[in-house]
Amino acid sequence: MSTTGDGTRAVRAGLPEPEQYEPTLPGPVFAAHFHLSGEPVGPYTYGRETNPTWTHLERAIGELEAPGEQVETTVFASGMAAISAVLLSQARTGDTVVLPDDGYQALPLVREQLEAYGVEVRTAPTGGDAQLELLDGAKLLWIETPSNPGLDVCDVRRLVEAAHAAGVLVAVDNTLATPLGQRPLELGADFSVASDTKGMTGHGDILLGHVSCLDPRLSAGVRRWRKVVGAIPGPMEAWLAHRSLATLQLRIDRQCTTALALAEALAERTDVTGLRYPGLPDDPSYPTAVRQMRRFGSVVSFVLADRATAERFLAGLRLVEEATSFGGVRSTAERRARWGGDAVPEGFVRFSVGAEDPEDLLADVMRALDASGR
Ligand SMILES: *Cc1c(COP(=O)(O)O)cnc(C)c1O
């Protein structure tokens, strides 16, 4: 599979060998338990441990995360279930974990939980590879690049090299990029983790997460955690996710191309400041992003004059729904400060570019911007 292109890989990922009179992608297997006589061995025993629908999806994601490699993937009920599985299966009382201080909004909750278990947590921003300074004596480094929602990028190879030299494991939250945008395991990370609720499944209708590892021992720890905690995806969600992967390259390519066009158009406007898109050549993230990313993602962020202007802009959009999350085929946008927690200005807008015709979307955004000014 390693010589095929992303589109070919996406449409074929994880498909079983063809069997006469069977569908190409077998349907979801709904089973709490499986026929199991005699010694309880074999691939499918009990539904919290294994399910054939997960197996197909896990193979598919593995083929995208590390084409041609022996990779092990574990799917979870959500991105947070996947993140917790890595951190809580690895960190022991007395260990130190390094987190970003500008990452996903639930990381402060994760920090509280880790600290409650006696794990020391250090934090630094994503930009400027600031986490490098905190590695001494740590057990695990957690990276989120591009960061959400600030879209800063850190140098994964550089951080991995320093971390591994210091005996520190590295996990990358790859949600924003998807494996078509960047492959953390190829960049040297020990864990590639994502919320597949976003661009990976892309329709805004399921929650899902995964962890991929090349090292079978690390993977076994993650898998054991899933069995213990029971953070398992339903077979229907797993099947829908696998079905959605077939269009991953089509969706992501369209979304990334339009995101760049939108960023270029916003760069021309005087009423837009703080514009960020890692694929924009004069963005601070660009020099590092081009060295490790193959596509720059569907999220563009920018700042409007104030809260009222941002609210008028969002209300004036016709093709863009006001909603949180990102990566879906329907464009969404939100004023991020409404949640609190992220260090962003009141007029900060996180815009997720969908699969609409670029000219329609850009016209809608420009019209809503014109109408939002006083
Ligand atoms: C959404 C998100 C998560 C959490 O994923 P869920 O599927 O909502 O649990 C984690 N990391 C990042 C970067 C995200 O955007």
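Starting from 1, each residue takes its place in the sequence as its number. Just follow the structure's listing: the first ligand is 1, and inside any ligand the first atom is 1. All values reported here derive from a predicted model rather than from experimental measurement.
Looking at I83 against ligand 1, only its side chain comes within 4.0 Å, counting heavy atoms.
By the 4.5 Å heavy-atom criterion applied to side chains, S89 and R224 are not counted as neighbours. Counting heavy atoms from C-beta outward, E321 and S331 have side chains that stay 4.5 Å or more apart.
A salt bridge links D364 with R367: the distance from a Lys NZ or Arg NE/NH1/NH2 to an Asp or Glu carboxylate oxygen falls below 4.0 Å.
Among all protein heavy atoms, the one lying closest to atom 9 (O) of ligand 1 is M80 N, 2.8 Å. Here the heavy atom of the protein found nearest to atom 1 (C) of ligand 1 is K198 NZ, 1.4 Å. Nearest to atom 6 (P) of ligand 1 among the protein's heavy atoms is G79 N, 3.4 Å.
Considering each of I206, V193, D173, the one bringing a non-hydrogen atom nearest atom 11 (N) of ligand 1 is D173. Comparing heavy-atom distances from atom 7 (O) of ligand 1 across T197, L107, T201 singles out T197 as nearest.
Donor-acceptor pairing under 3.5 Å is recorded for the side chains of S219 and E72. Between the side chains of S192 and R183, no donor-acceptor pair is found at a separation under 3.5 Å. Between the side chains of T126 and D102, a donor-acceptor pair is found at a separation under 3.5 Å.
Considering all non-hydrogen atoms of both residues, N174 and P179 come closest at ND2-N, 3.7 Å.
Backbone and side-chain nitrogen or oxygen atoms of S195 are examined, and one is located within less than 3.5 angstrom of a nitrogen or oxygen of ligand 1.
Close approach to T175 involves these atoms of ligand 1, each under 4.0 Å from a residue heavy atom: 11 (N), 12 (C), 13 (C), 14 (C), 15 (O). Taking every non-hydrogen atom of F326 and a distance limit under 4.0 Å, the qualifying atoms of ligand 1 come out as 15 (O).
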